[in-house]
Peer 1: 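Below you will find the structure I want to go over with you.
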Amino acid sequence: MTRIVSGIQATNRLHIGNYLGALRNWVDRQHGNECLMFIADLHAITLPQDPSALRRNVRELAATYVAAGIDPETVAIFAQSTVPAHVELAWILGCLTPLGWLNRMTQFKDKAGKDGADTAGMGLYGYPVLMAADVLLYHGQEVPVGDDQKQHVELMRDIALAFNRRYQQDYFTAPEPMIGGEATRVMSLRDGTKKMSKSAESDYSRINLTDDADAISQKIRKAKSDASPLPESPDELKDRPEANNLVTLYGALAGTSRAEALREFAGKSFSDFKPRLAELVVETIAPISTKVKELMADEDGIDVILRKGTERARVIADQTMDEVKAMVGF
Ligand code: AQP
């Protein structure tokens, strides 16, 4: 049995990139393994959040995990901030993480913007250290994430080994990133060179897991594409980022591949392809979106799931912190 740990920031509604890059892989791996899937509210406040929206987002994310197929009886679902050991371990790990390692993180550069060094908060800079704590706290062996988080999981491995060296114990095991599926980096529907993101300004850049059929069809119809027909092979999509993204989405949702999608659509135009893609997206998303609405109508029910998840997580986290504190000398 493998211990699998991952989380998603409570920054906004989840989109189809979060689903294909992370959530769907969690669902596939939940049985026969021990899984802890948290809602990263501590990570969310590395950028400003409205408190009442954050509270709602935490519940809605929990509802979305369940609606997407995560079984709360099997998987511990909890809000990160309800297990204080995440922050405690992050401080200890931060004390042995060289600044040079953090300076290499591309997500900080993207999120902080060009004046980042002066204006971004310490939390945004230290985000990868908290992420290392999130997983090491539970001795997680596998971390299922999208491609954009690969660098952070690699850093997590380095931090685990740095702790072992500092305290001369073979205590933490370096976790493995698990990046799987056909769509490990879904791109924006407005710009095929930018990652689809929860916090991107335009709602037309993404398909949310709470969108209804009309919204989905409209977003796909308006998605940026190009004037050429679809080619015969994936190689020919190399310089067509928007086309490549839409074909990747089709392959991932159909459970096949880009090559297979192109066998079906080679020579066709986007006006033929987009309605078929929209149908497939609606088939996947509509049941999730309906279920989220049902679950959100019973907030107490969601709070029970979160509380039980926290209790399970705390048992493991508290033991790790007792051991870590003894090694550190507290
Ligand atoms: N576009 C994407 N394609 C595939 N996977 C993705 N993930 C995020 N975007 C894509 C994966 O979803 C998980 C949760 O991500 P997160 O919210 O914790 O952080 P993020 O990577 O910063 O995600 P977003 O959507 O871009 O959120 P914001 O806008 O708030 O920063 C991770 O496994 C991630 O790889």
Side-chain angles (χ1 to χ4, degrees), residues 4-29 35-50 53-54 57-58 60-62 64-65 68 70 77 79-80 86 105-113 120 123-124 127-128 130-132 134-135 140 142-156 175-203 205-210 223 241-242 244-246 248-249 251-253 281 284:
I4 301 177
V5 184
S6 199
I8 299 184
Q9 289 190 80
T11 31
N12 202 345
R13 304 192 145 143
L14 297 196
H15 53 71
I16 198 162
N18 300 129
Y19 178 69
L20 294 172
L23 206 43
R24 189 165 77 170
N25 297 332
W26 302 0
V27 174
D28 291 346
R29 298 280 286 144
C35 300
L36 296 110
M37 302 308 187
F38 60 91
I39 292 135
D41 50 358
L42 294 170
H43 282 285
I45 62 159
T46 54
L47 291 173
Q49 303 296 329
D50 170 68
L54 179 61
N57 285 341
V58 168
E60 193 172 278
L61 247 66
T64 312
Y65 286 9
I70 300 282
I77 300 175
Q80 186 189 25
H86 284 252
M105 296 299 111
T106 54
Q107 181 174 288
F108 175 75
K109 290 176 196 154
D110 292 346
K111 292 204 171 175
L124 189 64
Y127 182 113
L130 178 59
M131 188 167 155
D134 294 336
V135 175
E142 271 184 21
V143 190
V145 284
D147 182 61
D148 63 311
Q149 293 296 331
K150 187 165 178 237
Q151 194 185 35
H152 287 165
V153 182
E154 278 161 5
L155 181 70
M156 185 186 289
E176 295 289 339
M178 208 195 96
I179 298 169
E182 185 66 18
T184 55
R185 185 183 287 253
V186 177
M187 308 310 274
S188 158
L189 298 181
R190 310 301 278 170
D191 178 350
T193 63
K194 293 208 172 90
K195 186 178 81 99
M196 185 179 284
S197 173
K198 279 189 248 96
S199 42
E201 217 170 290
S202 167
D203 197 52
S205 68
R206 58 186 167 257
I207 291 163
N208 303 307
L209 297 189
T210 46
E242 284 82 20
N244 186 37
N245 190 37
L246 297 177
T248 303
L249 265 181
L253 292 169
V281 177
T284 311

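Order of appearance sets the numbers: ligands from 1, and atoms from 1 within every ligand. Here the structure is a predicted model, which means the values were calculated and not measured.
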Peer 1: Note the single closest protein heavy atom to atom 33 (O) of ligand 1, along with its residue, its atom name and the distance in Å.
Peer 2: Gly146 N, 3.1 Å
Peer 1: Can you tell me the protein heavy atom closest to atom 24 (P) of ligand 1 and the distance?
Peer 2: Lys195 NZ, 3.5 Å
Peer 1: In ligand 1, which numbered atoms sit nearer than 4.0 Å to a non-hydrogen atom of Gly21?
Peer 2: 4 (C), 5 (N)
Peer 1: For the pair Gln49 (side chain) and Ala44 (backbone), establish whether a donor and an acceptor sit closer than 3.5 Å, ignoring hydrogens and angles.
Peer 2: yes
Peer 1: Using a 4.5 Å cut-off on heavy atoms from C-beta on, say whether the side chain of Met187 contacts that of Glu242.
Peer 2: no
Peer 1: Is Lys111 in contact with ligand 1, taking contact as a heavy-atom separation below 4.0 Å?
Peer 2: yes
Peer 1: Looking at atom 30 (O) of ligand 1, what's its closest protein heavy atom, distance included?
Peer 2: Thr11 OG1, 2.7 Å
Peer 1: Identify, for atom 18 (O) of ligand 1, the protein heavy atom at the shortest distance, and state residue, atom and that distance.
Peer 2: Gln9 N, 3.1 Å
Peer 1: Work out whether the distance between some heavy atom of Arg206 and some atom of ligand 1 is less than 4.0 Å.
Peer 2: no
Peer 1: Please report which non-hydrogen protein atom sits nearest to atom 3 (N) of ligand 1, along with the residue it belongs to and the distance in Å to one decimal place.
Peer 2: Val186 N, 2.8 Å
Peer 1: Which of the numbered atoms in ligand 1 are under 4.0 angstrom from any heavy atom belonging to Ala22?
Peer 2: 12 (O), 13 (C), 33 (O)
Peer 1: Nearest 0.5 Å please: distance from the OG atom of Ser205 over to the NZ atom of Lys198.
Peer 2: 12.0 Å
Peer 1: Compare Arg13, His15, Lys194, Gln49 and give the one whose heavy atom is closest to atom 25 (O) of ligand 1.
Peer 2: His15
Peer 1: Polar contacts were defined as any N/O atom of the residue lying under 3.5 Å from an N/O atom of the ligand; does this apply to Met187 and ligand 1?
Peer 2: no
Peer 1: Any side-chain heavy-atom pair from Asn18 and Leu23 closer than 4.5 angstrom?
Peer 2: no
Peer 1: Polar-atom distance check: Gly17 versus ligand 1, any N or O pair below 3.5 Å?
Peer 2: yes
Peer 1: Any side-chain heavy atom of Gln107 sitting closer than 4.5 Å to one from Gln151?
Peer 2: no
Peer 1: With heavy-atom distances below 4.0 Å as the criterion, list the atoms of ligand 1 near Gln149.
Peer 2: 19 (O), 20 (P), 21 (O), 32 (C), 34 (C), 35 (O)
Peer 1: Contact between Asn57 and Thr11 at the side-chain level, heavy atoms closer than 4.5 Å - yes or no?
Peer 2: no
Peer 1: Nearest to atom 21 (O) of ligand 1, what protein heavy atom do you find, and at what distance?
Peer 2: Asp148 OD2, 2.5 Å
Peer 1: Polar contacts were defined as any N/O atom of the residue lying under 3.5 Å from an N/O atom of the ligand; does this apply to Val145 and ligand 1?
Peer 2: no
Peer 1: Is there a side-chain contact between Trp26 and Ile4, using heavy atoms and a 4.5 Å cut-off?
Peer 2: no
Peer 1: Closest non-hydrogen protein atom to atom 27 (O) of ligand 1, residue and atom name please, with distance?
Peer 2: Lys198 NZ, 3.1 Å
Peer 1: Side-chain contact, heavy-atom cut-off 4.5 Å: Arg24 with Thr284?
Peer 2: no
Peer 1: Within the 4.5 Å heavy-atom criterion, are Glu60 and Thr210 side-chain neighbours or not?
Peer 2: yes
Peer 1: Give me the one residue out of Thr64, Ile77, Ile8 that meets side-chain contact (heavy atoms from CB on, under 4.5 Å) with Ile39.
Peer 2: Ile77
Peer 1: Can you tell me how far apart CG (Leu14) and CD1 (Ile16) are? Round to the nearest 0.5 Å.
Peer 2: 11.5 Å
Peer 1: Please identify which atoms of ligand 1 are closer than 4.0 Å to at least one heavy atom of Ser199.
Peer 2: 28 (P), 29 (O), 30 (O), 31 (O)
Peer 1: Out of curiosity, is Thr184 lining ligand 1, as in a heavy atom under 4.0 Å away?
Peer 2: yes
Peer 1: Which one of Asn12, Asn18, Asp110, Leu14 has a non-hydrogen atom at the shortest distance from atom 8 (C) of ligand 1?
Peer 2: Asn18
Peer 1: Looking at every heavy atom in both Val143 and Pro175, which two are closest together, and how far apart are they?
Peer 2: CG2-CB, 3.8 Å
